[in-house]
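Below: one structure, written as structure tokens.
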Protein chains: 2
Amino acid sequence: MVSKVEHRDRTGCPIACALDIIGDHWTLLIIRNLMFLGLHEYKEMLETEEQISSNILTIRLKMLQQAGLIASASHPESKRRKLYYLTPTGKDLVHVMVPLVLWSRRNLREHLRIPNDIDHLLETDPQAFLQETLQRLSDWEDNNLKSLV
Amino acid sequence: MVSKVEHRDRTGCPIACALDIIGDHWTLLIIRNLMFLGLHEYKEMLETEEQISSNILTIRLKMLQQAGLIASASHPESKRRKLYYLTPTGKDLVHVMVPLVLWSRRNLREHLRIPNDIDHLLETDPQAFLQETLQRLSDWEDNNLKSLV
DNA sequence: GAATAATACTTCTATTATAGAAGTAAGTTA
DNA sequence: TAACTTACTTCTATAATAGAAGTATTATTC
């Protein structure tokens, strides 16, 4: 069905088309890194617990840029560093990612290690968690991309 | 990271743990078949547009049963047929699947072919679409699993 | 009641993707 | 200017997938 890593149109089904982009072992972890963990650099993503291979990380970052979910900019502090960040389309996945976290929390409880404060917020006010996430991304953009100043 | 198709605990991250189950090209399509398309048999799933291989379908159905997202029962009309259906954990994914459909609708518009009536409902009242989906699943169970009668 | 067909798999092989190790090129620091 | 960092690239072995073909059980047709 899907040959090569590249995104191909499948069948017009909204689930199938979404999976052409995010339906593999690594892509949503990269989205997670950018959305929840504040990891915006190649090197940081290489160092996460899940231990992605450098070649796979490169391929996925390129694919996500082509698909329009992420973009990159050069690091203000160094030309050899690069910053990756979510585009509006990528950020819009927050409405899928937060429900996925909530599903895991309800159904895979025993396997999870969620920081207490976040777990409590997910329990009491998941919408607030979503809004905080978007606010954090917006703040990061203000601090790191508006280098026009 | 993930060797073999089997689910392995990863890191305690709710996204990573969820991806150990649903993070591949095919698994969410099987969930879609059961949740939205009313396909409950092996043969029906082989015949979808996406053309899954029979060996992969078998492996995924077994994995999903072990993970507790689906279950199976023998078909009331024939011993050689088998019915697959979503467990409560599987049905709970409706809260991820509907947002994923909505994300696709907002961001991949040009690639999609969504039936007009459903598209309109997604536009005007997505919560109603979600409730209708759950009701349909419940009705199906009443008609097909309560063969105690 | 024997031959045919349908259903849910299983097996096999070729192709493709991934993991892991090692290297490279450009920019930075000591 | 020598060592180091960062973001890749390349290579090879292993694992997963696609596609074709087969099997076992149950049902249907003649």
Side-chain angles (χ1 to χ4, degrees), chain A residues 1-8 10-11 16 19-30 33-34 39-66 70-85 144, chain B residues 1-8 10-11 16 19-30 33-34 39-66 70-85 144:
Chain A
M1 163 187 81
V2 177
S3 66
K4 305 288 166 63
V5 172
E6 291 142 35
H7 168 42
R8 270 209 262 157
R10 213 179 317 207
T11 62
L19 290 177
D20 279 342
I21 302 175
I22 60 163
D24 76 283
H25 296 298
W26 290 113
T27 302
L28 279 188
L29 287 180
I30 293 173
N33 292 343
L34 293 166
L39 307 180
H40 293 270
E41 293 185 52
Y42 186 87
K43 197 199 169 212
E44 294 175 316
M45 299 201 200
L46 274 185
E47 289 167 350
T48 57
E49 284 184 305
E50 292 87 9
Q51 308 242 59
I52 189 170
S53 289
S54 59
N55 52 355
I56 305 297
L57 179 55
T58 299
I59 290 168
R60 288 298 184 283
L61 287 170
K62 277 184 186 156
M63 181 275 288
L64 281 169
Q65 284 178 279
Q66 286 199 322
I70 70 173
S72 63
S74 71
H75 196 289
E77 288 176 15
S78 165
K79 278 186 186 170
R80 78 182 166 204
R81 292 163 75 184
K82 219 167 170 180
L83 290 173
Y84 292 96
Y85 59 95
N144 292 276
Chain B
M1 163 187 83
V2 177
S3 66
K4 305 289 166 62
V5 172
E6 293 142 34
H7 167 43
R8 271 208 263 158
R10 213 179 316 205
T11 62
L19 290 177
D20 279 342
I21 302 175
I22 61 164
D24 75 282
H25 297 297
W26 291 112
T27 302
L28 279 187
L29 286 179
I30 294 174
N33 292 343
L34 294 166
L39 307 180
H40 291 270
E41 294 186 51
Y42 186 89
K43 196 199 169 213
E44 295 175 316
M45 298 201 202
L46 273 185
E47 290 166 351
T48 58
E49 284 183 305
E50 292 88 8
Q51 308 242 60
I52 189 170
S53 288
S54 60
N55 51 357
I56 305 295
L57 179 55
T58 300
I59 289 169
R60 288 297 184 285
L61 287 170
K62 279 185 184 154
M63 181 275 287
L64 281 169
Q65 285 178 277
Q66 287 199 323
I70 71 174
S72 63
S74 72
H75 196 289
E77 288 176 16
S78 166
K79 280 186 185 170
R80 78 183 167 203
R81 292 164 74 186
K82 218 168 170 179
L83 290 173
Y84 292 95
Y85 59 95
N144 293 276

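All chains are named by letter (A, B, ...) in the order of the sequence lines, taking the proteins before the strands, and each is independently numbered beginning at 1. Bear in mind the structure is a predicted one, so any value in this text is a computation, not a measurement.
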**Message:** Counting only side-chain nitrogens and oxygens, does B:Y84 get under 4.0 Å of the OP1 or OP2 atom of C:dC9?
**Reply:** yes
**Request:** Please determine if a side-chain N or O atom of A:K43 lies less than 4.0 Å away from the OP1 or OP2 oxygen of D:dT6.
**Result:** yes
**Nearest heavy atoms of B:M45 and B:Y84, plus distance in Å** = CE-CB, 4.5 Å
**Asked** Counting side-chain heavy atoms from CB outward, which of D:dA7, D:dA18, C:dA8 is closest to A:K82?
**Response** D:dA7
**Message:** Taking the side chain as everything from C-beta on, heavy atoms only, tell me whether A:H25 gets closer than 4.5 Å to B:L19.
**Reply:** no
**Request:** Rounded off to whole Å, could you give me the CG-to-C1' distance for the A:N55 and C:dT16 pair?
**Result:** 14 Å
**Fill in**
Whole-Å distance, B:I56 CD1 to D:dA15 C1', equals 11 Å
**Asked** Atom CD of B:E47 and atom C1' of C:dT7: how far apart are they, to the nearest Å?
**Response** 11 Å
**Item:** Whole angstrom value for the distance that separates P of D:dT10 from CG of A:L57
**Value:** 16 Å
**Request:** Measure from CG on A:D24 to P on D:dT17 and round the result to the nearest Å.
**Result:** 11 Å
**Request:** Round to a whole Å and report the spacing from CD of B:E50 to P of D:dT17.
**Result:** 16 Å
**Fill in**
Counting primed atoms, P, OP1 and OP2 as sugar-phosphate and everything else as base, the B/S/- map of nucleotides 21-28 of chain D against protein heavy atoms under 4.0 Å is B----BS-
**Request:** Between B:Y42 and A:I52, just flag the one whose closest nucleotide in DNA chain C comes earlier from the 5' side.
**Result:** B:Y42
**Item:** Residue pair A:L46 / A:I52, side-chain heavy-atom distance below 4.5 Å
**Value:** yes
**Request:** Identify the heavy atoms of B:L61 and B:Y42 that sit nearest to each other, and give their distance.
**Result:** CD1-CD1, 3.7 Å
**Fill in**
In terms of heavy-atom contacts, A:H40 and A:E44 come closest through N-OE1, 2.9 Å
**Request:** Take atom CD of A:E41 and atom P of D:dC8, then tell me their distance rounded to the nearest Å.
**Result:** 11 Å
**Prompt:** Rounded to the Å, how far apart are A:I59 CD1 and D:dT10 C1'?
**Reply:** 11 Å
**Prompt:** Measuring from B:L29:CG to B:I22:CD1, what's the distance to the nearest 0.5 Å?
**Reply:** 11.5 Å
**Message:** Using side-chain heavy atoms (C-beta onward) and a distance below 4.5 Å, is A:M63 in contact with A:I21?
**Reply:** yes
**Message:** Please confirm whether the shortest side-chain N or O distance from A:K62 to OP1 or OP2 of D:dT9 is below 4.0 Å.
**Reply:** yes
